[in-house]
Amino acid sequence: MSTDTTYQPAAIEQTWYKHWESQGYFAPSHTGDPYCIMIPPPNVTGSLHMGHGFNNAVMDALIRLKRMQGHNTLWQVGTDHAGIATQMVVERQLAAKNISRHDLGREAFLEKVWEWKAESGGAITQQLRRLGSSVDWSRERFTMDDGFYKAVQEVFIRLHEDGLIYRGKRLVNWDPKLHTAISDLEVESTEEQGSLWHFRYPLTDGSGFLVVATTRPETMLGDTAVAVSPADERYAHLIGKTIKLPLVGREIPIIADDCVDKDFGTGCVKITPAHDFNDYEMGQRHQLPMINIFDKNAHLNEAVPQVYQGLERFAARKQIVADLDALGFLEKIEPHQLKVPRGDRSGVVIEPYLTDQWYVRTAPLAEQAIAAVENGNIQFVPKQYENMYFSWMRDIQDWCISRQLWWGHRIPAWYDPEGKPYVGRDEASIRKTHNLPDNLPLTQDEDVLDTWFSSGLWTFGTLGWPEQTRELAAFHPTSVLVTGFDIIFFWVARMIMLTLHFQKEVPFKTVYVHGLVRDGQGQKMSKSKGNVLDPIDLIDGIDIETLVQKRTSGLMQPKYAEKIEKATRKEFPNGIAAYGTDALRFTFYSLASTGRDINFDVGRIEGYRNFCNKLWNAANYVLMNTQEQDCGQDGSNNYTLGLAERWIVSQLQQTETQILDYMAQLRLDLASQTLYDFVWKDYCDWYIELSKPVLWDDNASAELKKGTRRTLIRVLETILRLAHPFMPFITEEIWHKVKDLAGKTGATIMLAPYPAPDESKIDAKAVADVEWVKGIVTAIRTIRGEMNVPPSKKIAVFISGGSAATQLQVNENSTFLKKLASLESIDYLHSDTDAPLSATALFGEVKILVPMAGIIDKQAELSRLEREIDKLKKEVERVQGKLNNPAFTDKAPADVVQKEQDKLTGYAQAISQLTEQQGKIAAL
RNA sequence: AGGACCGUAGCUCAGUUGGUUAGAGCACCACCUUGACAUGGUGGGGGUCAGCGGUUCGAGUCCGCUCGGUCCUACCA
């Protein structure tokens with residue numbers, strides 16, 4: 001062991017990772033029960049954020065645990081081509097050089113994207129390595145790999161054959177900036193302030209006008225009806241008549257429809273079937289014409305009067321309002337709050353737009369997907385997310401899967417000159433299947449598939465499907481999916497639907513759903529807020545100047561730079577220290593309670609870095625006392641286990657049981673907390689301290705010393721294996737220094753067996769005895785602490801009272817007691833009448849006497865006793881109240897009543913003893 | 001509009017089926033460089049468990065309402 005007394009994570013972490021990877025330790029063992037996790041594929045060109053950090057820390061703990069337990073583990077990694085996101089990044093780079101993708105053309109543009117992928121695609125996988133993620137790199141996948149594309153193509157073709165994919169001209173969510181359709185899920189509606197315009201629409205017969213209220217004046221050019229409620233008497237006489245649409249001059253009918261709310265606005269609605277989802281449906285019901293008035297940029301097209309053609313939609317709005325006003329058709333404008341649909345990527349207002357797209361018919365798929373969760377084949381943790389899943393699934397809409405992008409899986413469909421689509425693997429096979437003559441020109445669909453269509457196949461598509469491979473048989477269904485709630489619909493739900501349909505089994509048995517990683521104040525981390533933490537910076541540390549630079553450069557709104565800089569300098573005056581991966585991971589685990597967002601408090605990572613340091617130094621102590629010494633590993637039984645040894649071994653079994661239990665429940669917070677408490681409190685604070693008086697005692701027997709060394713090293717070695725899934729690096733580093741002394745062999749702790757509790761080692765007597773020692777020691781320390789008696793001042797202590805065994809306990813444990821409480825002597829008094837005047841503490845029935853002479857102030861002790869007595873009196877009052885209540889004594893279970901009764905007796909006794917003591921001191 | 005979750009110490013969080021004096025880490029106060037560790041040790045202070053009502057012998061825990069916060073879904077032009 002090095003002589004370093006402080007833990008230096010940078011010195012060990014990367015070396016070990018490289019070693020593990022090069023040795024192939026991450027790959028499946030091909031023995032034992034399979035256990036498989038598929039990584040939620042991050043965007044190939046992305047970089048690691050705190051969400052990835054958390055997510056991967058959780059997966060790695062699970063996989064390392066199972067691997068150590070002897071399972072055949074596969075943690076498969078891969079990245080996603082992320083259609084829109086990646087294309088946008090490359091387009092932005094081109095835009096900086098004033099080039100559009102259309103200038104390049106499809107092929108050249110795609111080349112640029114592949115170049116960008118080659119350039120930046122390794123970043124995130126390198127960062128995953130920094131986290132210690134033990135993924136099987138040999139099976140790394142990319143969603144645009146040839147093999148995966150085969151699966152995507154196959155799925156599309158088969159769904160089409162099954163009648164579950166169709167092409168249709170319908171209203172879609174159109175993004176006028178990105179020039180593509182997007183799915184419902186990619187639309188975010190935001191509450192915005194707008195207006196409600198009231199327009200007069202004149203009746204054709206000249207008998208007056210109707211007033212319609214609208215939030216989108218510009219669409220009036222595409223109106224093909226005005227609707228009223230059939231229950232609205234005000235307009236009943238007008239139904240069937242027509243109005244003459246201002247500015248356009250078109251004659252359009254007045255219709256009645258139940259969907260109209262007569263109490264909203266004027267009770268009259270203008271109907272634009274080609275540009276509003278509700279109007280579209282109404283148009284279908286009433287066979288209204290659909291007039292598309294926009295082009296793909298959401299500029300007015302040739303379907304509108306010449307003067308408006310080419311106008312951008314919001315410019316058109318202004319113009320139309322002005323024109324209607326000039327003609328006397330504008331009645332009023334009211335301020336109005338409305339939900340505006342915006343594209344989640346582009347941020348622009350989404351336009352309902354009539355286009356031809358490919359759709360997945362989801363209802364039949366959803367049916368099975370609902371059943372799989374209902375019958376428990378898939379379980380969500382925490383369970384509440386099942387409701388969210390059900391409510392969405394039960395009301396699912398068909399899924400628009402075509403995107404007018406270039407980067408993605410090209411749709412395997414070809415069109416003949418009439419526009420008739422044929423779906424198949426390639427042109428040749430389509431000609432063959434459909435008997436098409438060679439001279440009939442076919443052109444492939446220009447569109448690509450929604451990224452989520454391909455990621456929906458992730459669990460089985462990456463295992464070789466449609467081939468029935470060995471891996472598919474072994475690892476599918478996968479064991480657990482670890483993912484954020486934000487992609488339950490995008491990804492989880494679709495994986496379930498597609499996998500059930502094709503693989504006839506669930507994609508995973510458990511879905512562990514976690515929240516968003518936020519900053520310490522619960523704010524969402526974002527570049528614009530300047531509160532982003534980079535996991536790598538927490539691992540390696542970062543100086544304040546670099547951090548400020550990082551947070552303030554490349555802002556969308558540079559005006560916030562100053563504010564961000566100020567806040568950053570205030571929060572991190574000295575930058576961020578290098579905490580190391582193990583500490584970062586442990587922090588994630590400690591915050592991994594289920595069902596809520598994770599507020600990442602930087603204060604906590606420091607605490608867990610200290611925990612690593614604690615473990616490091618505990619190992620240091622153990623090695624100092626065991627190296628080159630007989631640690632009782634020769635197979636003979638010539639060693640003795642003392643009370644402390646039996647106790648720590650017993651506690652260890654309990655700890656192992658609990659950790660395994662919590663891991664099974666996916667409560668990594670409780671598991672890590674249990675480990676923390678055992679290592680710090682039981683092992684370091686008590687066991688190591690209890691070992692000192694034995695190892696340093698010349699009178700202690702060789703057998704007892706050997707038993708102590710044996711226990712120190714073996715418990716430490718077990719702690720390392722227990723902790724390894726959580727803190728892989730530090731445990732591996734120490735393990736290699738410890739394993740021989742502990743009688744263990746093996747090339748790596750990664751593949752050493754995970755500790756399993758042995759009930760025969762649970763020793764209730766030892767636990768009770770050590771609790772007694774701890775109680776006495778703590779009582780003495782409390783007096784010392786409150787009376788400011790430093791440990792360097794050795795004191796004499798007397799014990800009295802207690803049971804018949806007390807004297808024996810005092811004698812047997814006097815070495816422990818003297819060392820731990822820093823005593824000169826400890827003696828049992830059969831009667832305390834002849835005891836010197838003492839400060840007194842009670843531990844159960846045992847009385848602890850610390851002679852005051854020369855060390856304790858009379859007044860201080862009197863007021864200390866006063867506080868103690870007051871506290872006890874309050875308790876007596878409370879308990880007495882309970883016991884005096886017949887309702888309680890009659891109805892509560894007997895053992896509960898007895899417990900209260902015992903408490904009362906104990907308190908009363910304590911009060912009388914302390915009061916007596918108070919009297920003695922006061923009389924002095 | 002419907003639904004979910006949350007509100008516990010100054011901060012970030014635990015608190016299993018209701019039952020000791022509600023816990024941890026950080027922060028705070030005091031003492032201590034004791035032969036693993038000052039990234040440490042020992043002791044201490046600090047909470048009307050958001051509020052109100054109910055069920056119960058007993059509620060942080062179960063039920064209802066109110067307030068505050070976060071989010072999801074569906075929407076009225």
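The chains referred to below are lettered A, B, ... by the order of the sequence lines, with proteins before strands, and numbering in each begins at 1.
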Task: Parallel, tilted or perpendicular: rings of A/Phe726 and A/Phe586 (30°, 60°) - done: perpendicular
- [ ] For A/His198, report the nucleic acid contact type (base, sugar-phosphate, nothing); a contact means any heavy atom under 4.0 Å.
- [x] nothing
Task: Short side-chain N/O contact to B/rU34 OP1/OP2 from A/Lys819, under 4.0 Å - done: no
Within the sub-3.5 Å range, which N or O atoms of nucleotides 55-57 of chain B have a protein N or O partner, and how far apart are they?
{"unit_1": "B/rC57", "atom_1": "OP1", "unit_2": "A/Lys891", "atom_2": "NZ", "d": "2.6"}
{"unit_1": "B/rC57", "atom_1": "O4'", "unit_2": "A/Ala887", "atom_2": "O", "d": "3.0"}
{"unit_1": "B/rC57", "atom_1": "O2'", "unit_2": "A/Asn885", "atom_2": "ND2", "d": "3.4"}

- [ ] Could you measure between the two C1' atoms, the one in B/rG3 and the one in B/rC57, and give it in whole Å?
- [x] 37 Å
- [ ] Report the nucleotide, chosen from B/rU42, B/rG44, B/rC37, that has the shortest atom-to-atom distance to any side-chain atom of A/Glu689.
- [x] B/rC37
TODO: Could you pick out which residue, A/Asn613 or A/Phe600, lies toward the 5' side of RNA chain B when each is mapped onto its nearest nucleotide?
DONE: A/Phe600
Task: Check: A/Ser229 side chain, A/Ala231 main-chain N or O, donor-acceptor pair, under 3.5 Å - done: yes
Task: Ring centroid separation A/Phe600 to A/Phe588 under 6.0 Å - done: yes
Open item on the list: Using a 4.0 Å heavy-atom cut-off, does A/Val260 contact any base of the nucleic acid, only the sugar-phosphate backbone, or nothing at all?
Closed with: base
- [ ] Ignoring hydrogens and angles, answer whether the base of B/rU39 and the side-chain atoms of A/Arg609 contain a donor-acceptor pair closer than 3.5 Å.
- [x] yes
TODO: May I ask you to say what A/Leu670 touches in the nucleic acid, namely base, sugar-phosphate or nothing, with a heavy-atom cut-off under 4.0 Å?
DONE: sugar-phosphate
Open item on the list: Work out how far the C1' atom of B/rU61 is from that of B/rG54, and round it to whole angstrom.
Closed with: 15 Å
N/O-N/O pairs, protein side and nucleotides 24-28 of chain B side, under 3.5 Å:
{"unit_1": "B/rA24", "atom_1": "O2'", "unit_2": "A/Gln673", "atom_2": "NE2", "d": "3.4"}
{"unit_1": "B/rG25", "atom_1": "OP1", "unit_2": "A/Lys681", "atom_2": "NZ", "d": "3.4"}

TODO: Check the side chains of A/Asp519 and A/Asn599 for a donor-acceptor pair under 3.5 angstrom, ignoring hydrogens and angles.
DONE: no
Task: Integer-rounded Å distance: B/rC37 C1' and A/Gln8 CD - done: 13 Å
TODO: State whether the aromatic ring of A/Phe264 stacks on the base of B/rA77, taking stacking to mean ring centres under 5.5 Å apart and ring planes under 30° to each other.
DONE: no
Task: Pairing nucleotide - B/rG64, Watson-Crick or G-U, each distance under 3.5 Å - done: B/rC52
Open item on the list: Checking A/Phe485 against A/His514 for the ring pair (Phe, Tyr, Trp, His ring centres under 6.0 Å) test, could you report, in this order, the C-alpha distance in whole Å, the side-chain angles of both residues, the deciding distance, and whether it holds?
Closed with: CA-CA 6 Å; A/Phe485 71 92; A/His514 63 253; 8.5 Å; no
Open item on the list: Determine whether the aromatic ring centres of residues A/Tyr512 and A/Phe380 are separated by less than 6.0 angstrom.
Closed with: no
Open item on the list: From the set B/rG41, B/rC32, B/rG19, return the single nucleotide nearest to any side-chain atom of A/Asp685.
Closed with: B/rG41
Task: Touch class at under 4.0 angstrom, heavy-atom based, for A/Cys684 against every strand present - done: base
TODO: Considering only atom P, compute the distance from B/rA27 to B/rG64 and round it to an integer number of Å.
DONE: 41 Å
Open item on the list: Applying a 4.0 Å non-hydrogen cut-off, can you work out what A/Ser792 is touching in the nucleic acid: base, sugar-phosphate, or nothing?
Closed with: nothing
TODO: Side chain of A/Arg596 only, please: which of B/rC37, B/rC6, B/rG43 is the nearest?
DONE: B/rC6
- [ ] Could you say whether A/Arg667 or A/Gly265 is positioned toward the 5' end of RNA chain B, judged by the nucleotide with the nearest heavy atom to each?
- [x] A/Arg667
TODO: May I ask you to decide if A/Leu712's main-chain N or O and A/Tyr683's side chain share a donor-acceptor pair within less than 3.5 Å?
DONE: yes
Protein N or O to nucleotides 71-74 of chain B N or O, pairs below 3.5 Å:
{"unit_1": "B/rA74", "atom_1": "N6", "unit_2": "A/Lys339", "atom_2": "NZ", "d": "2.9"}

TODO: Could you tell me the separation between the OH atom of A/Tyr589 and the P atom of B/rU12, rounded to a whole number of Å?
DONE: 24 Å
- [ ] Tell me what A/Phe390 touches on the nucleic acid: a base, only sugar-phosphate, or nothing, going by heavy atoms under 4.0 Å.
- [x] nothing
Open item on the list: Students often get this wrong, so: under 4.0 angstrom with heavy atoms, is A/Lys692 touching a base, only sugar-phosphate, or nothing?
Closed with: base
Open item on the list: Measure CG/A/Asn788 against P/B/rC32 and give the value in whole Å, please.
Closed with: 7 Å
- [ ] Would you mind classifying the nucleic acid contact of A/Lys903 as base, sugar-phosphate or nothing, using non-hydrogen atoms under 4.0 angstrom?
- [x] sugar-phosphate
TODO: Verify the distance criterion only: is there a donor paired with an acceptor across the side chains of A/Ser183 and A/Glu186 at less than 3.5 Å?
DONE: yes
